[in-house]
Amino acid sequence: KIACKMLEKYDISLTEYHVLVILFKENSISQNDLASKLSVDKALISRLIQSMESKDLISSSYDPNCRRKKVIVLSEKAITLIPMLEKAHKLSLENIFSDMNQEQIQSIKTLLEGLISKL
């Protein structure tokens with residue numbers, strides 16, 4: 001709930017948060033690579049990029065070496081927001097798992113890893 005409230009405060013959807021985290025790790029990414037990492041179609045990525053640009057979270061430009069390739073980078077605003085959002089996300093996860101012992105957490109981790117490997 002902590003992370004959701006923080007995202008709401010800054011008008012950031014969960015998908016937009018995932019984009020921010022990817023960009024924070026990658027520095028820049030092509031629109032097609034971003035669509036692939038999120039497992040979404042190009043039309044959704046186009047709308048997402050437009051929305052995030054209007055919120056001044058990212059900027060995009062065409063690669064000078066390949067005019068068909070659109071490259072996305074974080075804005076200064078997003079760079080300052082990400083540490084706060086990640087902290088809120090971490091607190092939310094700690095709250096979710098606070099009632100569980102290590103064995104239960106490991107069971108969930110194993111289950112999720114199995115699911116991910118099948119995707």
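Model, not experiment: these values are computed from the prediction.
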Q. Heavy-atom distance under 4.5 Å between the side chains of Val21 and His89, does that happen here?
A. no
Q. Within a radius of less than 6.0 Å around CD of Glu113, do more than 12 heavy atoms belonging to other residues, nucleotides or ligands occur?
A. yes
Q: Please name the pair of heavy atoms, one in Gln104 and one in Asp99, separated by the smallest distance, quoted to 0.1 Å.
A: OE1-O, 4.2 Å
Q) Does NZ in Lys77 sit with more than 12 non-hydrogen atoms of other residues, nucleotides or ligands closer than 6.0 Å? A) yes
Q: Go through the structure and list residues passing side-chain contact (heavy atoms from CB on, under 4.5 Å) with Ser60, not counting sequence neighbours.
A: Ile49, Glu53, Lys70, Ile72
Q.
Strictly distance-based, threshold 3.5 Å: is any side-chain N or O of Ser107 a donor or acceptor partner for the main-chain N or O of Glu103?
A. yes
Q) Side chains of Gln102 and Phe97: does their closest heavy-atom pair fall under 4.5 Å? A) no
Q: Could you grab the distance from atom CG of Leu57 to atom CD1 of Ile79, nearest 0.5 Å is fine?
A: 11.5 Å
(Q) Show, in sequence, the C-alpha distance, side-chain angles and deciding distance for Ile82 and Leu74, and conclude whether the side-chain contact (heavy atoms from CB on, under 4.5 Å) test is met. (A) CA-CA 10 Å; Ile82 288 174; Leu74 288 172; 3.6 Å; yes
(Q) Can you tell me how far apart CD1 (Ile96) and OG (Ser98) are? Round to the nearest 0.5 Å. (A) 9.0 Å
Q) Would you find a donor on one side and an acceptor on the other, under 3.5 Å apart, between the side chain of Ser75 and the backbone of Asp56? A) yes
**Q.** Nearest-0.5 Å distance, CD1 of residue Ile22 to CG of residue Asn27
**A.** 13.5 Å
Q.
Rounded to the nearest 0.5 Å, what separates atom OG in Ser30 from atom CD1 in Ile45?
A. 10.0 Å
Q) How close do Asn65 and Asp63 get, heavy atom to heavy atom, and via which atoms? A) N-OD1, 2.8 Å
Q: Take Leu112 and Lys109 through the side-chain contact (heavy atoms from CB on, under 4.5 Å) test and state the conclusion after the steps.
A: CA-CA 5 Å; Leu112 291 173; Lys109 182 180 176 187; 5.9 Å; no
Q. Does Phe24 belong to the same Ile/Leu/Val/Met/Phe/Trp/Tyr cluster as Leu7, with side-chain heavy atoms less than 4.5 Å apart forming each link?
A. yes
Q) Do you reckon Ile29 sits in the same ILVMFWY cluster as Val73, going by side-chain contacts under 4.5 Å, direct or chained? A) no
**Q.** Leu34 and Leu48: CA distance, side-chain angles, deciding distance, side-chain contact (heavy atoms from CB on, under 4.5 Å) verdict
**A.** CA-CA 11 Å; Leu34 183 59; Leu48 187 61; 5.6 Å; no
(Q) Taking salt bridge (charged side-chain N to carboxylate O under 4.0 Å, His left out) as the cut-off, I'd like each qualifying pair that reaches into residues 9-31, sequence neighbours left out, listed once. (A) Asp11-Lys55, Glu16-Lys55, Glu26-Lys37
Q: Find out if a path of hydrophobic residues (ILVMFWY) with successive side-chain heavy-atom gaps under 4.5 Å connects Val19 to Met84.
A: yes
(Q) Assess the residue pair Asn32 and Lys69 against the criterion (side-chain contact (heavy atoms from CB on, under 4.5 Å)); give the C-alpha distance rounded to whole Å, side-chain angles, the decisive distance to 0.1 Å, and a yes or no. (A) CA-CA 8 Å; Asn32 289 339; Lys69 185 177 177 182; over 6 Å; no
(Q) Is there a path of hydrophobic side-chain contacts, each under 4.5 Å between heavy atoms, that joins Leu23 and Val40? (A) yes
Q: Return the minimal non-hydrogen interatomic distance between Leu85 and Tyr17, and the atom names on each side.
A: CB-CE1, 3.7 Å
Q) How close do Ser117 and Gly114 get, heavy atom to heavy atom, and via which atoms? A) OG-O, 2.8 Å
Q) Should we say atom CD of Glu94 is surrounded by more than 12 heavy atoms from elsewhere, each under 6.0 Å from it? A) yes
**Q.** Spacing of CD1 belonging to Ile58 relative to CE belonging to Met52, to within rounding of 0.5 Å
**A.** 5.0 Å
Q. Would Leu91 end up clustered with Ile105 when hydrophobic side chains under 4.5 Å apart are linked, directly or stepwise?
A. no
